[in-house]
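Read through the structure below, which is laid out as structure tokens, and then see the notes.
In what follows, every heavy atom counts, from backbone to side chain, and hydrogens, waters and symmetry copies are set aside.
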2 protein chains.
Amino acid sequence: MDPQSAAARHVAIIAGHLNCPSPSAVAPLALAACLHYDPPELSEKPPAFDLATLRRVLDGHDLAARDWLFRLMEESPLFCPRGRGDRTFVVPDYNQTKEQQRAVTMRRIEYLLHRRVFEGWVTGSGPEAELRKLAFFECIAIYDHSLSIKLGVKGCFAMTELGHGSNVRGIETIATYDTNTREFVINTPCESAQKYWIGGVANDATHTIIFSQLLINGISQGIHAFVAQIRDVDGNVRPNVRIADCGHKTGLNGVDNGRIWFDNLRVPREDLLNSVADVLPDGQYVSSIKDKDRRFAAFMAPLTFGRVNIAATAVYISKVALAIAVRYGLTRRAFSISANGPEVPLLDYPSHQWRLLPLIAKICAMSSAANYLKRLYVKRTPETNKSIHIYSSSLKATLTWHNMRTLQECRKTCGGQGLKTENRIGILIGEYDVQSTFEGDNNVLMQQVSKALLAEYLAAEKMKSPFEGLGLEHMNDPCPIIPADLTSCTLRSIKFQLDLLCLRERDLLGRYASEVSQYQAHGESKQMAVLLSHQLADELARAFTERTILQIFADDEMIQSAGPLKELLGLLRSMYALICVEEDASFLRYGYLSLESAAAARKEVMKLCGELRPDALSVVSSFGIPDAFLSPIAFDWIQANSWASLSNE
Amino acid sequence: MDPQSAAARHVAIIAGHLNCPSPSAVAPLALAACLHYDPPELSEKPPAFDLATLRRVLDGHDLAARDWLFRLMEESPLFCPRGRGDRTFVVPDYNQTKEQQRAVTMRRIEYLLHRRVFEGWVTGSGPEAELRKLAFFECIAIYDHSLSIKLGVKGCFAMTELGHGSNVRGIETIATYDTNTREFVINTPCESAQKYWIGGVANDATHTIIFSQLLINGISQGIHAFVAQIRDVDGNVRPNVRIADCGHKTGLNGVDNGRIWFDNLRVPREDLLNSVADVLPDGQYVSSIKDKDRRFAAFMAPLTFGRVNIAATAVYISKVALAIAVRYGLTRRAFSISANGPEVPLLDYPSHQWRLLPLIAKICAMSSAANYLKRLYVKRTPETNKSIHIYSSSLKATLTWHNMRTLQECRKTCGGQGLKTENRIGILIGEYDVQSTFEGDNNVLMQQVSKALLAEYLAAEKMKSPFEGLGLEHMNDPCPIIPADLTSCTLRSIKFQLDLLCLRERDLLGRYASEVSQYQAHGESKQMAVLLSHQLADELARAFTERTILQIFADDEMIQSAGPLKELLGLLRSMYALICVEEDASFLRYGYLSLESAAAARKEVMKLCGELRPDALSVVSSFGIPDAFLSPIAFDWIQANSWASLSNE
């Protein structure tokens with residue numbers, strides 16, 4: 001902290017007292033009342049573990065590259081550095097119109113391009129290059145969601161239509177093959193078929209990938225994709241193409257989402273994306289994959305990148321909010337516990353700890369899960385396609401839901417300050433809300449996860465074969481026994497925690513299968529039976545995801561050598577497991593735990609809150625978010641709001 | 001619907017097909033695929049009850065006045081009427097900068113003033129005038145939160161400071177009395193004492209009510225309020241006053257929240273608000289209320305208006321979102337249940353019904369509760385102060401929480417369309433998030449409710465006197481017995497529902513009291529014991545509020561004469577009661593219900609979803625929100641998004 005300004009501040013305070021007519025009388029009360037800011041680093045105990053090591057565990061990869069990119073953003077005036085007290089923060093100017101936000105987003109991309117941030121993004125292949133690319137998306141996203149989305153939609157996908165989103169197979173755009181000219185003719189047959197939400201289309205995109213029904217000699221071959229130019233080099237919309245703006249949005253106004261209509265747009269035969277199927281010059285349709293469903297799945301597989309990226313980004317955004325909320329909670333005081341006692345820092349209230357500390361444990365566990373998913377994705381093979389699809393679906397939904405919950409809770413724990421744009425948390429809510437419905441609606445994704453698990457269950461039953469993959473091997477073992485009386489030691493053991501979460505998953509999978517078959521027995525179709533069992537499907541998908549996350553997080557803990565960090569990871573893992581128990585009524589509803597055991601688990605969460613409280617600052621510091629990407633309330637918010645600081649805004 | 005444009009649309013669709021090279025082949029698929037919009041009024045069954053009567057029940061008062069005010073807003077170009085298809089919607093332009101939003105907000109107020117909307121707001125007293133004023137706040141709020149807040153802060157309260165919000169008694173501003181000049185001298189002794197979030201101060205306010213510690217001869221008399229002029233008639237900030245802007249916010253950018261510093265600002269003795277205490281010319285401090293705590297309570301009582309207004313407004317906002325989401329859910333289709341079958345409207349999916357229909361039942365019940373609170377408030381007497389404080393606290397917190405949850409769920413059920421500003425729901429999230437922390441943080445309020453209930457409990461125990469007031473009389477009766485096996489008939493009976501919710505409240509109050517006393521027995525201070533029992537406090541406050549709402553809603557049902565409307569209210573009341581059971585794990589955690597009974601309750605909720613589904617459109621139509629205040633996706637969203645409609649935007 002700059003001593004000069006500190007001194008200046010104290011002078012101002014004293015001057016304030018001298019202003020009062022009867023200082024003798026006023027001063028004592030005023031002095032007692034006047035708040036003083038101490039950096040939490042001074043009031044909190046020093047870290048019991050190495051912050052850098054924990055960051056390596058949580059970030060997983062490319063730490064140096066992340067820091068390099070953070071610096072690049074901090075260095076450029078394009079990222080709106082704003083002085084607050086004796087600090088500088090980079091934060092987009094959300095008081096700009098969408099037109100201004102779009103323009104500055106493009107300039108920021110040009111700057112990053114010029115600084116060679118995207119080197120190898122297209123050419124560079126291999127796991128390492130892809131991991132680095134994912135890390136960069138995370139870093140850019142904590143500055144501004146529009147910036148990362150705008151990057152992601154270069155060469156945008158024109159898939160969604162006004163009338164069809166999640167149900168991609170229902171899209172109405174039609175491509176027919178003209179054997180005479182050897183071209184595909186693409187049409188928007190009706191208004192509901194207009195392409196919608198296409199990122200980058202309203203203003204900038206020159207090319208797009210059009211998803212369309214393919215008709216060969218009047219026979220539909222299902223959804224296919226075509227590369228098409230929609231603007232010429234001068235940016236003029238091409239003939240046979242009409243484009244409109246999607247207008248102002250709750251967030252992401254730096255992205256020019258647009259709508260497209262095609263009127264007999266002709267595309268050369270070679271511009272069909274023929275990875276899974278092709279059309280020969282004479283119009284003959286050929287595909288290596290005969291089954292239409294499998295062909296569609298293979299065709300959609302590349303889109304998984306979006307879900308992996310979203311899941312990883314959601315975790316990083318939560319870290320920004322938690323770092324801000326914890327630091328503010330350690331320096332903002334309210335009420336006193338004893339008569340005439342000093343006011344108490346918010347984070348010393350048991351209720352405040354209960355609101356934030358479980359979220360911190362969850363985000364640490366989810367960091368491990370996101371890293372696992374990223375590694376699985378960058379090393380993908382045809383064999384891993386299925387598990388990548390299921391893990392990316394369940395984690396995209398779960399991590400984005402958790403991110404919204406975390407942002408909302410953090411914003412509220414900061415009170416009105418959480419809604420000041422410069423403090424970031426409130427704005428992040430509006431910017432990231434979209435994650436729960438784009439690239440696959442979360443509810444639809446979770447239902448698909450349960451359907452996939454049901455298929456595994458029925459296959460294993462039918463084939464009398466053991467479960468294999470997706471971590472379902474525990475289904476082959478005898479049902480785990482949960483001890484009757486739960487000591488603190490038992491509650492914190494990995495075995496108990498995994499047993500309990502496996503028990504829930506196993507039982508819910510069985511219940512789901514039997515409820516579906518019961519509905520079918522009563523004459524319902526398979527689809528309807530599944531729809532009617534939506535509650536068990538949701539409970540099962542949640543059970544699968546939480547068991548998966550716990551297992552991955554426990555693995556990251558296991559490989560640590562004994563010491564303070566491993567102990568901390570153990571506390572976080574126990575908090576994660578037990579808060580999952582506390583928050584899911586199914587443990588009581590289906591009797592996985594007795595009332596006494598559930599009460600013991602709740603008590604243990606409260607004890608864990610007390611034990612994790614001293615490490616709160618160290619953990620959020622290890623998230624590796626640079627100070628400039630946090631906000632004024634994360635530091636000396638009295639100085640940042642002082643009259644003097646107005647001058648350097 | 002304008003037949004002309006409909007015809008034009010069909011021509012366009014047919015033309016679309018003719019464009020396709022081989023119509024014979026394409027047409028069948030294309031025709032099958034092309035979506036067609038039918039107004040839900042055509043596809044749904046006609047209302048089984050009188051919509052106007054239900055609206056009278058839900059709105060409670062001033063229906064004609066509300067409609068008059070809605071018309072006034074629809075008529076003025078200041079409210080940005082925008083054409084979509086053949087409809088017009090009024091919605092603020094949130095693509096404007098905060099400066100522009102502030103300016104247009106003032107112009108809208110001037111327009112409403114000119115149209116005599118505020119007649120009698122200051123002069124007119126009496127319950128009817130106050131109810132009408134509350135109704136107007138609700139109506140204005142569904143257009144724009146900034147507009148209603150800016151109205152509410154005329155003659156703004158300078159209470160909150162940078163360093164103190166919820167803990168009002170801790171504010172640091174100091175007023176000392178100067179006997180020589182018979183003036184109060186008001187000072188901001190340090191930066192943390194700067195007034196913060198003061199609505200209307202940054203640009204416009206000429207006067208404000210300053211909350212400050214009052215020092216008489218060096219003795220603090222606690223918080224008092226002073227009327228002070230901060231700008232002259234020309235709008236220049238007065239000497240001894242400094243003002244700064246709070247800057248851009250997540251929402252409410254039409255309100256100029258500001259910060260104030262006072263440097264020896266002198267205020268005439270007469271400008272002390274002396275309702276509860278006064279200072280005589282010679283500096284002698286006199287008050288009719290000797291006890292400082294009771295004086296502070298009496299002094300804060302008038303602020304209750306804000307909470308009553310917020311609770312009522314939150315309900316109205318939820319209705320806007322539910323009306324939009326239900327109408328969209330009835331006309332937006334996705335996937336088909338049978339092979340090659342038609343796509344199914346979203347609201348016909350059991351999971352979609354489960355997401356929206358309980359929210360509708362809750363908002364109907366909460367409408368009754370809000371009306372009860374408003375009537376209690378406008379007829380307030382010194383005797384009712386306590387219950388008004390407790391009801392306004394619990395309902396402000398519960399109804400605003402429910403509003404945010406409703407907005408978030410509705411926005412997600414609308415997918416990406418929920419984030420388009422013109423569709424309103426997404427924007428309302430950002431605009432109304434603030435309700436959960438201003439005018440009393442929701443969590444703090446709910447803890448206060450439980451503390452008040454605890455006081456009642458301890459008093460009744462000590463005095464051996466029966467419970468009286470706050471609906472706690474049921475505590476005097478023997479503990480209700482919950483039948484072992486629950487038939488559908490039992491589950492839907494008012495007696496069972498009230499018994500169950502009373503049982504929960506009664507038991508939680510007892511548990512809370514004993515946990516607090518146990519902590520005290522272990523040497524904790526009373527305050528600390530209460531803080532450590534925060535979980536039971538939250539569960540108790542929730543139990544109290546939900547039992548209160550159910551009772552009030554049941555009373556509104558009871559006075560209806562037998563018929564379809566009363567039957568509907570019965571379904572809604574059962575849905576409300578049973579979803580409360582489904583969503584609160586405490587029924588299982590503390591054994592108020594057996595696992596079988598809880599399962600039966602859940603099954604009943606599912607049945608109720610099916611039974612309420614046919615009335616969904618009728619119920620949201622009875623909310624009385626004019627079409628122009630809904631959004632394009634609530635009507636023909638295909639036409640509204642058509643290329644042709646771009647011209648009349």
Between [X] and chain B, with a heavy-atom cut-off of 4.5 Å, which part of the residue counts as in contact: side chain, backbone, both or neither?
X      : answer
A/I216 : neither
A/L531 : both
A/W637 : both
A/Q417 : both
A/F335 : both
A/W643 : both
A/S525 : side chain
A/F587 : neither
A/N442 : neither

What option among [options] has the most heavy-atom pairs under 4.5 Å with chain A?
options                        : answer
B/T421, B/V434, B/I429, B/L595 : B/T421
B/N167, B/I337, B/L252, B/L588 : B/N167
B/A193, B/S436, B/A537, B/G418 : B/S436

Q) Is it the side chain or the backbone of B/R169 that comes within 4.5 Å of chain A heavy atoms, both, or neither? A) neither
**Q.** Engaged part of B/D93 at the chain A interface, taking heavy atoms whose separation is under 4.5 Å
**A.** neither
Is the side chain of [X] donor-acceptor paired with the backbone N or O of [Y] at a distance under 3.5 Å, no angle test?
X      : Y      : value
A/N95  : B/T97  : no
B/E191 : A/L35  : no
B/Q194 : A/N641 : yes
A/E343 : B/H164 : no

Q. Run the side chain to side chain contact (heavy atoms under 4.5 Å, CB included) check on A/R602 and B/Q535 step by step: do they pass?
A. CA-CA 10 Å; A/R602 168 179 277 199; B/Q535 264 164 329; 3.6 Å; yes
Q) So which of A/R242, A/M404, A/K526, A/Q527 has the biggest tally of heavy-atom pairs under 4.5 Å with chain B? A) A/R242
Q | Most chain B-contacting option - heavy-atom pairs closer than 4.5 Å, from A/V530, A/V444, A/T250, A/I186 | A | A/T250
Q: Assess whether side-chain hydrogen bond (donor to acceptor under 3.5 Å, both in side chains) is satisfied between B/S351 and A/H534, documenting all intermediate values.
A: CA-CA 6 Å; B/S351 56; A/H534 64 92; 5.1 Å; no
Q. Of all residues at least two apart in sequence or in a different chain, which pass the side chain to side chain contact (heavy atoms under 4.5 Å, CB included) check with B/T437?
A. A/R411, A/K412, B/D441
Q: Please step through side chain to side chain contact (heavy atoms under 4.5 Å, CB included) for the pair A/R355 and B/N443, ending with a clear verdict.
A: CA-CA 11 Å; A/R355 290 170 77 179; B/N443 289 291; 3.2 Å; yes
Q.
Testing the basics here: between B/R259 and A/L646, what is the closest heavy-atom pair and its distance to 0.1 Å?
A. NH1-CD2, 3.9 Å
(Q) Could you go through B/L532 and A/M606, starting from their C-alpha distance and side-chain angles, then the distance that decides it, and tell me whether this counts as side chain to side chain contact (heavy atoms under 4.5 Å, CB included)? (A) CA-CA 9 Å; B/L532 288 167; A/M606 200 162 168; 4.2 Å; yes
Q | Residues forming a salt bridge (Lys or Arg N to Asp or Glu O under 4.0 Å) with A/R589, sequence neighbours excluded | A | A/E539, B/E582
